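First the structure, in the form of structure tokens, and then the observations on it.
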Amino acid sequence: MSTVTARSSIDDAAVIGLRESFRGEVVGPADTGYDEQRKVWNGSIDRRPGLIARCAGVADVRAAVRFGRERGLVVAVRGGGHSFPGLSVCDDGLLIDLGLMKGIRVDPEAGTARAQAGVLLGELDRETQAFGLAVPSGIVTHTGMAGLTLGGGIGWIMRKYGLTVDQLVSVDVVTADGEFVKASDNENADLFWGIRGGGGNFGIVTDFEFRLNPLGPQVMAGPVFWPMEDATEVLRFYRDWIGDCPDELMTIVVQRKAPALPVVPPDLVGKHVVAVAACYAGPVEDGERVLRPLKQFGHPVLDLCAPKPFLAHQKMFDPSFRHGWWYYFRSCDVAGLTDEVIDIVVDHGRRITSPITSIALWQMGGAVARVGEEETAFNGRDAGFTFNINGNSETADGFEAERQWARDYWSALAPYHTGVYVNFLMEEGEERVRQAYGAEKYDRLKALKRTYDPTNFFRLNQNITPD
Ligand SMILES: Cc1cc2nc3c(=O)[nH]c(=O)nc-3n(C[C@H](O)[C@H](O)[C@H](O)COP(=O)(O)OP(=O)(O)OC[C@H]3O[C@@H](n4cnc5c(N)ncnc54)[C@H](O)[C@@H]3O)c2cc1C
């Protein structure tokens with residue numbers, strides 16, 4: 001087996017050969033569109049691959065893997081390009097882009113859907129919601145389904161139905177040798193276990209088969225906003241209120257400056273606010289009843305929680321996370337919202353300066369916690385809450401200050417950290433990856449890596465090293 005080393009030049013004859021055999025598109029630095037094709041979602045990442053292989057199908061993926069392997073190239077794999085630290089693009093080397101692979105097939109009778117690796121969350125929702133069905137996924141429609149699923153997948157209906165990985169029935173995988181294998185509970189079960197949380201460490205997943213769940217299409221959902229000055233009372237009320245809420249209810253606390261959006265009154269724009277965004281995955285009337293106490297608490301400055309199509313709710317955060325802005329994240333799980341944790345949240349929320357910086361504090365539990373910890377590689381099913389602290393700026397201007405704010409917020413929470421969701425990590429080193437999986441699971445994942453990718457060909461990810 002060849003070793004994987006960085007190389008900036010890929011010989012022209014080989015590129016011509018790859019181009020001729022390819023159904024998709026092979027884009028080099030001199031080609032039109034190269035700059036567009038090398039972009040990822042996070043504008044602070046600026047990398048220049050030696051070659052971009054835009055695969056149209058499994059045959060292209062296999063050809064690209066073999067091409068990279070035979071030449072000892074560094075290889076990046078891109079689904080939706082939303083990796084926070086930009087792990088889906090490399091300098092030099094080969095970028096295997098799956099973005100053209102958009103096939104989706106819903107089988108309402110079997111209650112399953114198949115989706116190819118280039119599908120975005122909103123695309124999958126659009127097809128499944130046409131039948132009143134859904135795969136639990138994430139909360140921003142332009143996120144890639146592939147990367148999100150491979151790390152776990154948390155979102156609005158997980159407390160009712162589980163994580164995205166919990167819906168997987170089977171996957172098709174191209175391994176580091178360019179071989180095609182299937183994985184499910186009955187076939188390559190060890191690989192199937194690892195893929196459900198272990199990220200892109202074991203191969204390129206080209207096709208995902210999911211179980212579907214009934215949903216909506218109308219749901220009771222949306223955010224209620226209060227002034228940040230009321231945050232202590234709001235968060236203490238919120239903690240007690242969700243203490244015995246049904247699994248149908250999922251909430252995310254948001255802190256930010258009120259964004260300049262058509263739904264936000266002009267006099268509120270730019271003011272510090274705390275919001276509880278909710279989604280009730282059940283009958284709208286039940287949702288109205290369950291959410292009434294929240295809507296009636298204190299003096300909300302804006303209430304956008306109302307019956308609406310699930311597809312509309314899924315788009316709510318899209319304008320807050322545009323492509324090309326500069327993003328920096330810190331994340332951790334905590335067991336509960338103690339008064340001490342709430343004090344930290346309130347204190348740091350008030351210090352937000354950028355109009356696009358925010359935190360999302362995710363309520364976990366429900367169906368996520370009812371799957372056994374050993375059943376999948378995803379770790380942290382008993383997390384109480386997941387913090388996603390993001391310091392953002394539109395350009396490089398002011399980015400360092402936002403990063404510092406995020407680091408300070410995260411450090412203040414350090415005494416309460418219980419773990420971290422692997423898909424919310426930046427490039428934080430091996431120890432943090434180990435923390436994300438826990439020592440025991442990490443060792444099991446390493447053993448699996450030795451079986452499926454002993455040379456660490458797939459290394460641009462939250463890397464589980466084989467050694
Ligand atoms: C705006 C935004 C919103 C988000 N919201 C949520 C959310 O609600 N819930 C949640 O759980 N997470 C969320 N995330 C985090 C998200 O899960 C990760 O960023 C995820 O990696 C995105 O997947 P992608 O395909 O877009 O990423 P990419 O950047 O394309 O890939 C991420 C990693 O996965 C690997 N990879 C991608 N596709 C494949 C494949 N087919 N086979 C093998 N490896 C592959 C890549 O090599 C890379 O290492 C969000 C991220 C962003 C930027």
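Being a predicted model, the structure only gives us computed values, none of them experimental. All residue numbers in this chain count up from 1 along the given sequence. In what follows, every heavy atom counts, from backbone to side chain, and hydrogens, waters and symmetry copies are set aside.
Checked by atom type, the side-chain pair Asn188/Lys182 shows no donor-acceptor distance below 3.5 Å. No hydrogens or angles considered: nothing links the side chains of Thr465 and Asn463 as a donor-acceptor pair under 3.5 Å. Between Arg78 and Ser83, the side chains place no donor N or O within less than 3.5 Å of an acceptor N or O (distance only, hydrogens not considered). With no hydrogens or angles considered, a side-chain donor-acceptor pair links Thr141 and Asp318 at under 3.5 Å. At a cut-off of 3.5 Å, with distance as the only test, a side-chain donor of Thr353 or Glu402 sits close to an acceptor on the other residue. For the residue pair Glu430 and Tyr442, a side-chain donor N or O sits within less than 3.5 Å of a side-chain acceptor on the partner. At a cut-off of 3.5 Å, with distance as the only test, a side-chain donor of Tyr452 or Asp190 sits close to an acceptor on the other residue. Using modelled atom types and a 3.5 Å distance limit, the side chains of Thr376 and Asp166 yield no donor-acceptor pair. A donor atom on one side chain and an acceptor atom on the other are not found under 3.5 Å apart for Ser411 and Arg330. Defined by atom type and a distance below 3.5 Å, a donor-acceptor pair is missing between the side-chain atoms of Asp207 and Gln116.
Counting non-hydrogen atoms of other residues, nucleotides and ligands closer than 6.0 Å to CZ of Arg450 gives a total above 12. Counting heavy atoms of neighbouring residues, nucleotides and ligands inside a 6.0 Å radius, atom NZ of Lys446 exceeds 12 of them. Residue Glu440 qualifies as open at atom CD: its count of foreign heavy atoms under 6.0 Å is 12 or below.
The main-chain N or O of Asn456 is found under 3.5 Å from a side-chain atom of Arg459 such that the two form a donor-acceptor pair. Checked by atom type and distance alone, the side chain of Glu123 never pairs as donor or acceptor with a backbone atom of His142 at under 3.5 Å. Between the Lys308 side chain and the Ala221 main chain, a donor and an acceptor come within less than 3.5 Å of each other. Listed for the Gln404 side chain is no donor-acceptor partner under 3.5 Å among the backbone atoms of Asp408. A distance-only check finds a donor-acceptor pair linking the side chain of Gln167 to the backbone of Leu163 [under 3.5 Å]. Between the Ser354 side chain and the Asn392 main chain, a donor and an acceptor come within less than 3.5 Å of each other.
Judged as a side chain to side chain donor-acceptor pair (under 3.5 Å), and not counting sequence neighbours, the contacts of Glu400 are Arg403, Arg407. With sequence neighbours excluded, the residues satisfying side chain to side chain donor-acceptor pair (under 3.5 Å) with Glu431 are Arg434.
Considering all non-hydrogen atoms of both residues, Ser88 and Val40 come closest at OG-CG1, 4.0 Å. Pairing each heavy atom of Gln129 with each of Leu133, the nearest pair is NE2-O, 2.9 Å. The two residues Arg256 and Ser358 make their nearest non-hydrogen contact at CB-CB, 3.7 Å. A pairwise comparison of heavy atoms in Gly151 and Val422 identifies O-CG1, 3.7 Å as the closest pair. Residues Ala281 and Ile157 share a closest heavy-atom pair of CB-CG2, 3.8 Å. Smallest separation of non-hydrogen atoms from Gly50 and Ile10: C-CD1, 4.0 Å.
Here Arg114 does not pair with Asp107 in a salt bridge; the nearest charged N to carboxylate O distance is not below 4.0 Å. In summary, Lys441 and Glu373 engage in a salt bridge, as defined by a charged side-chain N under 4.0 Å from a carboxylate O. Ion pair Asp91/Arg48 not flagged as a salt bridge, since none of the NZ, NE, NH1 or NH2 atoms sits closer than 4.0 Å to an Asp/Glu carboxylate oxygen. Using a cutoff of 4.0 Å between basic side-chain nitrogens and carboxylate oxygens, Glu394 and Arg322 are not scored as salt-bridged. Ion pairing between Lys39 and Asp46 fails under the 4.0 Å rule for side-chain N and carboxylate O.
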Derivation of the side chain to side chain donor-acceptor pair (under 3.5 Å) call for Thr395 and Asp397: CA-CA 5 Å; Thr395 62; Asp397 263 2; 4.5 Å; no

Name every donor-acceptor pair, under 3.5 Å, that has one atom in a side chain of residues 26-34 and the other anywhere in the protein, sequence neighbours excluded.
from, atom 1, to, atom 2, distance (Å)
Asp31, OD2, Arg19, NH2, 2.5
Asp31, OD2, Gly28, N, 2.6
Tyr34, OH, Pro49, O, 2.6

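Note on ring orientation: taking the six-membered ring where Trp is involved, the planes of Trp41 and Phe329 are tilted (angle from 30° to 60°). Relative orientation of the Phe317 and Phe321 rings is perpendicular, given thresholds of 30° and 60° on the angle between their planes.
Taking 4.5 Å as the limit, every side-chain heavy atom of Asn201 sits out of range of all side-chain heavy atoms of Leu445.
In summary, the aromatic rings of Tyr327 and Phe84 are positioned with their centroids too far apart to meet the 6.0 Å limit. Under the 6.0 Å cut-off for aromatic ring centres, Trp405 and His348 do not qualify, their centroids lying 6.0 Å or more apart.
Put simply, the residue from Val420, Ile344, Asp333, Val334 that forms a side-chain contact (heavy atoms from CB on, under 4.5 Å) with Phe387 is Val334.
To the nearest 0.5 Å, the span separating CG on Leu448 from CG on Asp453 amounts to 10.0 Å.
For Arg69 and Phe457, the positive end sits near the middle of the six-membered ring, less than 6.0 Å away and at most 45° from its axis.
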